[in-house]
Amino acid sequence: MSTLFDLTGKTAIITGSSRGIGKAVAERMAEHGANVVVSSRKQDACDAVAAEINARYPGKAIAVAANISDKAGLQHLVDETRRAFGDIHILVCNAASNPYYGPQEGIADEQFRKILDNNIVSNHWLISMVAPEMRARKDGAIVIISSIGGLRGTPVIGAYAISKAADMQLARNLAHEFGPDNVRVNCIAPGLIKTDFARALWENPETLKRSTQGAPLKRIGEPDEIAGAAVFLAAPAGSFMTGQTIVIDGGQTI
Ligand SMILES: NC(=O)c1ccc[n+]([C@@H]2O[C@H](COP(=O)([O-])OP(=O)(O)OC[C@H]3O[C@@H](n4cnc5c(N)ncnc54)[C@H](OP(=O)(O)O)[C@@H]3O)[C@@H](O)[C@H]2O)c1
């Protein structure tokens, strides 16, 4: 395998990896040689994904459930990763929530706070738990899954879009903080991808049309079409890239 994309000897935590984009990232990182930690709120679902990965790449995956809204749960995820694999080299903050669809005016405080807590504060927590060892070792890559929602105004998913714009700013800030220690922090901003998370959008012919008709590729994406960028950002191929956001949206935002 080309060393440009080789992750052999690296260990990656991927939140929200029992399905969708996170699962595709875990599978592709294992394929490129990394040990991967599959995580979501449901241990059973994570066990099943880890078993699938281990069937193809023996010994490469473990499953540790953690709710991103629970700081102690995230610390447990980090502790169990170290117990199983030792050092942590790659963190993919992928899990996120969007409990509200409608005008910003109508959002309840609780819903707004949940979105900011789960999509931004939890990323800050988890990054704070792994960054010290990455900085001490002078080797680490952090990838945050943002969204093209964070690049544009929206009348219906405003709080979510605010949190996804904040992901991009978090990456820029931390790139400054961690860069001197060779720890890189980047975002990926997907367009509409065929997952459970976005089902309401791609199952509705109106919103599906809005996402695809102006886009050069005229279709929505598959989870696996995001995974390669995560491998790139974590691998030697991405070694000069930090603080940036890679947009992968079939050209929708151009
Ligand atoms: N799909 C799109 O069109 C799209 C577009 C742009 C950006 N994104 C972003 O991509 C990321 C992944 O979304 P996806 O579309 O792949 O979603 P998905 O297929 O629904 O998967 C979400 C994953 O996150 C886990 N999860 C949900 N809530 C969690 C919590 N509180 N704590 C821990 N894990 C949790 C889920 O498992 P459990 O239910 O078992 O916890 C699952 O593994 C998100 O950050 C999303 O904002 C998605």
Side-chain angles (χ1 to χ4, degrees), residues 13-28 36-50 52-53 63-74 76-78 91-101 113-123 125-126 143-152 154 156-157 159-168 170-171 187-204 207-208 210-212 215 219-227 229-230 245-250 252-253:
I13 294 176
I14 304 110
T15 64
S17 44
S18 64
R19 59 176 190 267
I21 293 168
K23 181 182 181 208
V25 170
E27 288 170 343
R28 290 296 187 175
V36 296
V37 182
V38 178
S39 189
S40 83
R41 289 168 297 186
K42 300 184 190 99
Q43 185 67 42
D44 288 0
C46 296
D47 285 340
V49 172
E52 270 178 50
I53 293 174
V64 183
N67 189 328
I68 50 169
S69 64
D70 173 17
K71 196 172 189 178
L74 291 177
H76 177 73
L77 169 61
V78 169
L91 171 64
V92 183
C93 295
N94 167 70
S97 304
N98 186 21
Y100 179 75
Y101 189 89
R113 286 202 186 97
K114 184 179 173 130
I115 290 169
L116 297 179
D117 279 348
N118 279 6
N119 300 3
I120 278 295
V121 179
S122 76
N123 290 347
W125 284 342
L126 194 49
V143 180
I144 304 169
I145 306 300
S146 173
S147 166
I148 60 166
L151 294 169
R152 306 187 297 188
T154 162
V156 284
I157 51 171
Y160 172 78
I162 287 168
S163 74
K164 292 295 175 178
D167 278 335
M168 298 179 203
L170 186 64
C187 287
I188 298 171
L192 188 56
I193 307 294
K194 199 167 187 179
T195 69
D196 289 348
F197 186 82
R199 184 176 291 278
L201 298 177
W202 52 263
E203 274 188 350
N204 176 333
T207 47
L208 178 63
R210 233 181 287 144
S211 292
T212 53
R219 63 175 177 86
I220 65 171
E222 296 292 333
D224 198 44
E225 296 182 285
I226 303 302
T245 296
I246 300 179
V247 175
I248 307 176
D249 66 348
Q252 197 196 336
T253 50

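Indexing begins at 1, ligand by ligand and atom by atom, following the structure's order. Note that these values count all heavy atoms, side chains included, but never hydrogens, waters or copies made by symmetry.
- Taking only nitrogen or oxygen atoms, main chain and side chain alike, Asn94 reaches within less than 3.5 Å of ligand 1.
- Among Ile193, Asp249, Ile21, the residue whose heavy atom lies closest to atom 48 (C) of ligand 1 is Ile21.
- Proximity of Ile14 to Val38: side-chain heavy atoms (C-beta onward) are nowhere separated by under 4.5 Å.
- Contact annotation: Gly191 has at least one heavy atom less than 4.0 Å from an atom of ligand 1.
- Checking only distances, Thr195 does come within under 3.5 Å of ligand 1, N or O to N or O.
- Considering both main-chain and side-chain atoms, Ser97 never comes within under 3.5 Å of ligand 1 through any nitrogen or oxygen pair.
- The closest side-chain heavy-atom distance from Asp224 to Glu27 is not below 4.5 Å.
- Ranked by closest heavy atom to atom 37 (O) of ligand 1, the top entry among Ala198, Pro223, Ser18 is Ser18.
- When each atom of ligand 1 is checked for a heavy atom of Tyr160 under 4.0 Å away, the hits are 7 (C), 8 (N), 9 (C), 46 (C), 47 (O).
- Pro190 and Ile21 get closest at one heavy-atom pair: CG-CD1, 4.2 Å.
- Residue-level proximity to ligand 1 for Lys164 is carried by the side chain, the only part with a heavy atom below 4.0 angstrom.
- The closest non-hydrogen atom to atom 34 (N) of ligand 1, taken over Gly221, Ala95, Ala24, Pro190, comes from Ala95.
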With salt bridge (Lys or Arg N to Asp or Glu O under 4.0 Å) as the test, would you mind laying out the steps for Asp117 and Lys114 before giving the verdict?
-> CA-CA 5 Å; Asp117 279 348; Lys114 184 179 173 130; over 6 Å; no

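- Taking only nitrogen or oxygen atoms, main chain and side chain alike, Gly22 does not reach within less than 3.5 Å of ligand 1.
- In this structure, Ala45 has no heavy atom closer than 4.0 Å to ligand 1.
- Looking at atom 27 (C) of ligand 1, its nearest protein heavy atom turns out to be Arg41 NH2, 3.5 Å.
- Contact annotation for Ser146 and ligand 1: only backbone heavy atoms (N, CA, C, O) come within less than 4.0 Å of the ligand.
- Only the backbone of Ala66 comes within 4.0 Å of ligand 1, judged by heavy-atom distances.
- Heavy atoms of Thr15 stay at 4.0 angstrom or farther from ligand 1.
- Ranking the protein heavy atoms by distance from atom 40 (O) of ligand 1 puts Ser40 OG, 2.8 Å first.
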